*Asks:* 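Handing you a structure now.
All values derive from a computational prediction rather than experimental measurement. Below, chains carry the letters A, B, ... as their sequence lines are ordered, and counting in each starts from 1.
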2 protein chains.
Amino acid sequence: MAGTREALIDAAASLLDEGGPAAVTLREVARLAGVSHNAPYKHFADKEDLLAAVVARDLTRQAEQLRRRVRGLPAIDAVRASLHGQIRHALRRPHLFRVTYGPWTTRSPELTHAATAGRAAFVELVAAAQREGALPAGDPERLASLLQSVVHGAVHLALAGHLARQGKGRADPIDLVDELLANLRTDTR
Amino acid sequence: MAGTREALIDAAASLLDEGGPAAVTLREVARLAGVSHNAPYKHFADKEDLLAAVVARDLTRQAEQLRRRVRGLPAIDAVRASLHGQIRHALRRPHLFRVTYGPWTTRSPELTHAATAGRAAFVELVAAAQREGALPAGDPERLASLLQSVVHGAVHLALAGHLARQGKGRADPIDLVDELLANLRTDTR
DNA sequence: ACCTGAACACCGTTCAAGT
DNA sequence: ACCTGAACACCGTTCAAGT
């Protein structure tokens, strides 16, 4: 049955969202998918390989959704939409976010490809915004790394409860990335 | 014996650095400390509580070391030294870094206190640099969060292999935080 | 107060066997 | 090709008992 593999990925994704990587036991994944507790091994090398499939599928879907959303927008708006979208997605599915950018011992080609493609697409948006003069000149890959760093760091700090959520210092990840973007834009004169 | 607790923390820290959280088994921790495999439970509530002690001790030591190193420096240099120090430490001990800012279900008071104190000290440095006119005005906590975000995000991306390590786009975490600092400083005119 | 040895429940993974 | 049931090794945690 070809549906089994997809059902296993669905089950793993659901368990991951609800309880984190520790809650993704192959036994429970199999039970949710309606197969025996070791049927997953016929589809995935091990638990990490299953998680890699969950992450790769999500990265691909996110990239598709982003492409649809930014079509026709000025490049700088596309950059901002991409960053905001990554933040919203990460805050909505924190366990998935942590696993996605956590340590991998498996080098799943599927996962590597999805991650590389997503990053390349973002660098392209940044380069286009630079050509429009809406972001400062300089190597686009490096500027993209700076923006990605703020997004990732702010999300990690927010998930760990290390960002002030009220008072004068209040800052959520969206605020912080907007502040950086504003700073970069005023620099272009 | 009062040394047992410290020996357990030493053993856990060592196993964490070598093989990550999964390698920190209470059995191996106990073996390294020369006690029975469940003696740790007389000193720590559970595995997470032991890891919290490892992290809290490290945060405290890092804060002390930073304080010594920046004494007498102009505030902006202290800010930069703090950020660079965090990056070097994180890259040297990646597992410890990930655990430190990862998900905690335990609310260890020891850990909470160490984290809060460290953050407050950094905000103070940022505020001082603002008073010296070396960083743009605005809420210091918020600006500190932006700087911390870049550090954390750049380290996470570097550890995950998502920063270009060669070519034009080459960017390591030190480069990225320096780029942000330069940007913030040119803004002050 | 601190430690030990046995035991329990749970999990990732393997394997021989079935259709 | 895909699935099942039994089994193995390992781990976190608990408990009764020792000094």
*Asks:* Salt bridge check: are B/Arg57 and B/Glu110 linked by an N-O gap of less than 4.0 Å?
*Replies:*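 No, B/Arg57 and B/Glu110 are not salt-bridged.
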*Asks:* At 4.0 Å (heavy atoms only), tell me whether B/Val29 reaches a base, stays on the sugar-phosphate, or touches nothing.
*Replies:*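 Answer is nothing: B/Val29 stays at 4.0 Å or more from every strand.
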*Asks:* Rounded to the nearest Å, what distance is computed from the OH atom of residue B/Tyr41 to the P atom of nucleotide D/dA17?
*Replies:* 21 Å
*Asks:* Would you say a side-chain N or O of A/His37 is under 4.0 Å from OP1 or OP2 of C/dG12?
*Replies:*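 For A/His37, the contact criterion (side-chain N or O under 4.0 Å from OP1 or OP2 of C/dG12) is not met.
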*Asks:* Holding to side-chain contact (heavy atoms from CB on, under 4.5 Å), I want the full list of residues that pass it with A/Glu18, two or more places apart in sequence or in another chain.
*Replies:* A/Ser14
*Asks:* Thinking salt bridges, do B/Asp49 and B/Arg107 make one under a 4.0 Å N-O criterion?
*Replies:* no
*Asks:* Using OP1 and OP2 only, check whether a side-chain N or O of A/His43 sits under 4.0 Å from D/dC3.
*Replies:* yes
*Asks:* Could you check how far CG of A/Asp49 sits from P of C/dT14, rounded to whole Å?
*Replies:*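 Distance, rounded to whole Å: 12 Å.
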*Asks:* Are the aromatic rings of A/His156 and B/His156 close, with centres under 6.0 Å apart?
*Replies:*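 Centroid separation for A/His156 and B/His156: below 6.0 Å.
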*Asks:* Mind checking whether A/Tyr101 and A/His152 have ring centres under 6.0 Å apart?
*Replies:*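 Yes.
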*Asks:* Between P on D/dA17 and CG on B/Asn38, what's the gap in Å once rounded to a whole number?
*Replies:* 16 Å
*Asks:* Which of the following nucleotides, C/dG12, D/dG12, D/dT13, is nearest to the side chain of B/Thr25?
*Replies:*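 Out of C/dG12, D/dG12, D/dT13, the nucleotide with an atom closest to B/Thr25's side chain is D/dG12.
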*Asks:* Report the stems of DNA chain D as range-with-range entries sorted by first number; a stem here is at least three consecutive pairs, Watson-Crick or G-U wobble, both distances under 3.5 Å, and write none if there are none.
*Replies:* C:4-8 with D:12-16, C:12-16 with D:4-8
*Asks:* In this structure, how many angstroms lie between the P atom of C/dG12 and the CG atom of A/Leu15, rounded?
*Replies:*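 The answer, rounded to whole Å, is 11 Å.
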*Asks:* Please report, rounded to the nearest Å, how far the P atom of D/dC2 is from the CZ atom of A/Phe44.
*Replies:*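 So the two atoms are 12 Å apart, to the nearest Å.
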*Asks:* Salt-bridge test for B/Asp17 and B/Arg92: reply yes if a basic N is under 4.0 Å from a carboxylate O, no otherwise.
*Replies:* no
*Asks:* Within less than 4.0 Å of OP1 or OP2 of D/dC3, is there a side-chain N or O belonging to A/Lys42?
*Replies:* no
*Asks:* Rounded off to whole Å, could you give me the CG-to-P distance for the B/Leu26 and D/dC10 pair?
*Replies:* 16 Å
*Asks:* Rounding to an integer number of Å, can you tell me how far A/Lys47 NZ sits from C/dT13 P?
*Replies:* 8 Å
*Asks:* Please determine whether a side-chain nitrogen of the Lys or Arg among B/Glu64 and B/Arg67 lies less than 4.0 Å from a carboxylate oxygen of the Asp or Glu.
*Replies:*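 Not counted as a salt bridge, because no side-chain N and carboxylate O are separated by less than 4.0 Å.
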*Asks:* How long is the line joining CG of A/Leu50 and P of C/dT13, in whole Å?
*Replies:*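 Rounding to the nearest Å, CG of A/Leu50 and P of C/dT13 are 10 Å apart.
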*Asks:* Looking only at side-chain N and O atoms, does B/Thr4 come under 4.0 Å of OP1 or OP2 in C/dC2?
*Replies:*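 Indeed not, no polar side-chain atom of B/Thr4 lies that close.
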*Asks:* Closest-nucleotide mapping onto DNA chain C: is B/Arg27 or A/Ala22 further toward the 5' terminus? I mean the 5' end.
*Replies:* B/Arg27
